Protein chains: 2
Amino acid sequence: MVEKNTEEKIIVAAEKVFIEKGLAGARMQEIADEAGINKSLLHYYYRSKEKLFTMVFKIAFKTFAPDLIKAFEGDDDFFVKIERFVFAYLSIIDKNPHIPVFIISELGNNPKRLVDIIGYLDLNVQPVYDAIEEEIKKKMIKEIEPSDLIINVIALCVFPVVAKPIIKNIVFKGSEEEYKKMLDRRKVEAARFVISAIKNTD
Amino acid sequence: MVEKNTEEKIIVAAEKVFIEKGLAGARMQEIADEAGINKSLLHYYYRSKEKLFTMVFKIAFKTFAPDLIKAFEGDDDFFVKIERFVFAYLSIIDKNPHIPVFIISELGNNPKRLVDIIGYLDLNVQPVYDAIEEEIKKKMIKEIEPSDLIINVIALCVFPVVAKPIIKNIVFKGSEEEYKKMLDRRKVEAARFVISAIKNTD
DNA sequence: GTCTATAAGGTGATAGAC
DNA sequence: GTCTATCACCTTATAGAC
């Protein structure tokens, strides 16, 4: 059990409450209770609800900005890179299952929030584009718009988690176990699906 | 211009405000202003904010409960069915681009909400499962868990829309035009991607 | 059915003692 | 740094006139 100072305790508590309730639904009192401190200390450390939220949102976004670039560096086989990315990304999701919905919800309410973060994180997808185009040129994979392929891979990882209530209740008739099995399967199967879709069969 | 009575005007206004701001972020005053009526009329017709919201949520959910079953009925070729479903579903999304985020956000805040709706809509996916399993048996498509295939198809349709701010700003560097072109392309390309992934090449 | 007025309770934020 | 007390405002909801 690590000893935390007040500033850190607030962030941990704020993450929990904001992720669960959203900006509009969260209450400063609830965050204070969760942190085991007085409400006015929230303002002492972070001045306003909005500023505290921005702090939390940036941390959450950073966790989930996919390390696409890193996964696509190096000389490994292109299909291995896809397998590695899918496995790594789904593992992050496993550990933080509520963050994708949180990001999507709050960005839906206020898309401008993202613009602040773009510069602050460097998210250049160009190397991934280049890698995809090279594979197409080498005729290893079928013709596809690189952006489409990137979106497809991430969609197959993220959607099953953001739509959890719907999938669990409608596809798996309420079974948490079946839902979890599907997510686990996906760490391998999602990459297999993608590779099968793009592999050149000429 | 169709003449609307007060009850209908309220629902239309409530849809707009709730979808934009969410349950917690929406204000009854704003809904009243949007409908051009007095705030107390909202309570006269719908008793409480929560009840009005539930009304709106059910309408939104119904619009988006994918008509999977319908698309998979009939004797058409299985791949044609997929093409038809993807095109139809992406066309609905085109017309209601903010509803998927709305449903995901509000279900994230309160997953129990879905349970009320399940019974009220009949959403039996069994016929789709059967159709998929038959194709596998006939060796027309590769071995795949039917639930995985269904989730993949919907993921490829829905994710690009719910993650719009991220995709538009990071993948397309802020270009609304590029984003829209991608969505349009997808009406054909998403089905092609899926078919290419599952088609048996033995 | 529609309005005005107001109740009743929350909400983020700050002042000031310790 | 941390607390108590309190401000100023906002929010849902209702009562009652027309």
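Bear in mind the structure is a predicted one, so any value in this text is a computation, not a measurement. Here is the naming used below: chain letters follow the sequence lines, and residue numbers restart at 1 for every chain.
In this view, E34(A) and K16(A) satisfy the salt bridge (charged side-chain N to carboxylate O under 4.0 Å, His left out) rule, not counting sequence neighbours. The side-chain hydrogen bond (donor to acceptor under 3.5 Å, both in side chains) check on N110(A) picks up nothing, with sequence neighbours excluded. In terms of the side chain to side chain contact (heavy atoms under 4.5 Å, CB included) criterion, residue partners of S48(B) (sequence neighbours excluded) are, by chain and number, E50(B), K51(B). F102(A) pairs by the ring-ring contact (aromatic ring centres under 6.0 Å, His included) definition with F53(A), F57(A), not counting sequence neighbours. Residues passing the salt bridge (charged side-chain N to carboxylate O under 4.0 Å, His left out) test with K181(A), sequence neighbours excluded: E178(A).
Applying a 4.0 Å cut-off to non-hydrogen atoms, none of the residues of residues 14-22 of chain A approaches DNA chain D.
The list of side chain to side chain donor-acceptor pair (under 3.5 Å) pairs with a residue in residues 161-177 of chain B, not counting sequence neighbours, reads K164(B)-E176(B), K168(B)-E176(B). Applying the side chain to side chain donor-acceptor pair (under 3.5 Å) rule to pairs touching residues 127-141 of chain B yields Q126(B)-D130(B), E135(B)-K138(B), sequence neighbours excluded.
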Exercise. In B/S/- notation, 5' to 3', how is nucleotides 2-15 of chain C contacted by protein heavy atoms closer than 4.0 Å?
Worked result: BBB------SBBB-

